[in-house]
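Contents: one structure, followed by commentary.
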Amino acid sequence: MENPKVQEILEKQLLTVAKAVEEKLDEEIAAIDRLDDDDLEALRERRLQQMKKMAEKRNRWISLGHGDYSEIQAEKDFFSVVKASDRVVCHFYRENWPCKVMDKHMSILAKKHIETRFVKIHAEKSPFLAERLKIVVLPTLALIKNAKVDDYVVGFDELGGTDEFSTEELEERLAKAQVIFLEGESSVKSGAETRSVRQSMNPDSSDSE
């Protein structure tokens, strides 16, 4: 049986929190009540302008290839891609299982984070870039901001050291590097983000497990 004093303290804390929330709501309601028609019209206009700017941004991002995970076919094209977008995540890969795992996660995040361009380039067919950016371990993600490589995710060491990491873990790492946004200018969240790729790529596995 719970200690009556502990229960009393908890109840007081809950009442305090509830009162604070109620007071905050009262303040917001009062602020709205004080607005006249001109104020409301100004707020509405400001909101419309914000929505318009966001729509223009999204259209520009889509026109640049954001929203899809695509491959850069030639080394020379790498520079035009990173100059065109403020934020780029580039996967240096070769044909092996770890890179296929990374591909799956990148595909999910490309659709979810339209504010960032997600691309891949074959490291062994891009010797100049690989040497210049010191790409040794594959997969390696180059995290590029304002046309400059700002950070790297090398292999799976920062993702638990296993190929069974979740898309969410990679997403958090990219957000930490500020190459994606976790809220605000990102697109709709995917429900598949927390499943490991090994599970989703394994034909014997099922969602019900």
Q) Do the non-hydrogen side-chain atoms of S126 and F78 ever get within less than 4.5 Å of each other? A) no

Q | Distance (rounded to the nearest 0.5 Å) between M54 CE and N59 CG | A | 10.0 Å

Q.
Quick check on the hydrophobic clustering: are V21 and I29 connected, directly or via other members, by side-chain heavy-atom contacts under 4.5 Å?
A. no

Q. What residue pairs, at least two apart or across chains, pass side-chain hydrogen bond (donor to acceptor under 3.5 Å, both in side chains) with a residue in residues 64-75?
A. H66-S85, Y69-H91, Y69-D103, S70-R117, E71-Y93

Q) Is R87 close to I180 at the side-chain level, that is, under 4.5 Å between some pair of heavy atoms? A) no

Q. Any chain of hydrophobic side-chain contacts (each under 4.5 Å) joining M51 to L43?
A. no

Q. Do any N or O atoms from the side chain of E23 and from the backbone of A20 form a donor-acceptor pair under 3.5 angstrom?
A. no

Q: Check whether V119 and L64 end up in the same hydrophobic cluster, where Ile, Leu, Val, Met, Phe, Trp and Tyr are linked by side-chain heavy atoms less than 4.5 Å apart.
A: no

Q. How many angstroms lie between CD1 in I114 and NZ in K57, if you round to the nearest 0.5 Å?
A. 12.5 Å

Q: Taking ring pair (Phe, Tyr, Trp, His ring centres under 6.0 Å) as the test, write out the residues that go with F156, two or more places apart.
A: F165

(Q) Once rounded to the nearest 0.5 Å, what's the spacing between atom CZ of R46 and atom CD of Q49? (A) 11.0 Å

Q. Does atom CD of E56 have more than 12 heavy-atom neighbours from other groups under 6.0 Å away?
A. yes

Q) Hey, does the side chain of E115 reach the backbone of F181 with a donor-acceptor pair shorter than 3.5 angstrom? A) yes

Q. Roughly how far, to the nearest 0.5 Å, is the CD atom of E172 from the CG atom of L174?
A. 10.5 Å

**Q.** Atom pair CG/CD of L48 and Q50 - distance to nearest 0.5 Å
**A.** 9.5 Å

(Q) With a 4.5 Å cut-off on side-chain heavy atoms, are V101 and H105 touching? (A) yes

Q: Rounded to the nearest 0.5 Å, what's the gap from OH on Y152 to CZ on F92? Could you check?
A: 7.5 Å

(Q) Quick check against the 3.5 Å criterion: does S80 have a side-chain atom that pairs as donor or acceptor with the backbone of D77? (A) yes

Can you give me every donor-acceptor pair (side chain of residues 136-150, partner residue at least two apart or in another chain, under 3.5 Å) with its distance?
{"residue": "T140", "atom": "OG1", "partner": "V137", "partner atom": "O", "Å": "2.5"}
{"residue": "K145", "atom": "NZ", "partner": "D150", "partner atom": "OD2", "Å": "3.4"}
{"residue": "K145", "atom": "NZ", "partner": "A177", "partner atom": "O", "Å": "3.0"}

Q: Kindly indicate whether the side chain of D151, heavy atoms from C-beta on, has any atom under 4.5 Å from the side chain of V179.
A: no

Q) Does E22 pair with K19 as a salt bridge, N-O distance under 4.0 Å? A) no

Q: Verify the cluster assignment for L159 and L109: are they in a single hydrophobic cluster under the rule of side-chain heavy atoms below 4.5 Å apart?
A: yes

**Q.** Check against side-chain contact (heavy atoms from CB on, under 4.5 Å), I108 and E171
**A.** CA-CA 10 Å; I108 294 169; E171 181 181 39; over 6 Å; no

Q: May I ask you to test the L129-I135 pair for a side-chain heavy-atom distance under 4.5 Å?
A: no

Q. Are L133 and M106 co-members of a hydrophobic cluster defined by side-chain heavy atoms under 4.5 Å apart?
A. no

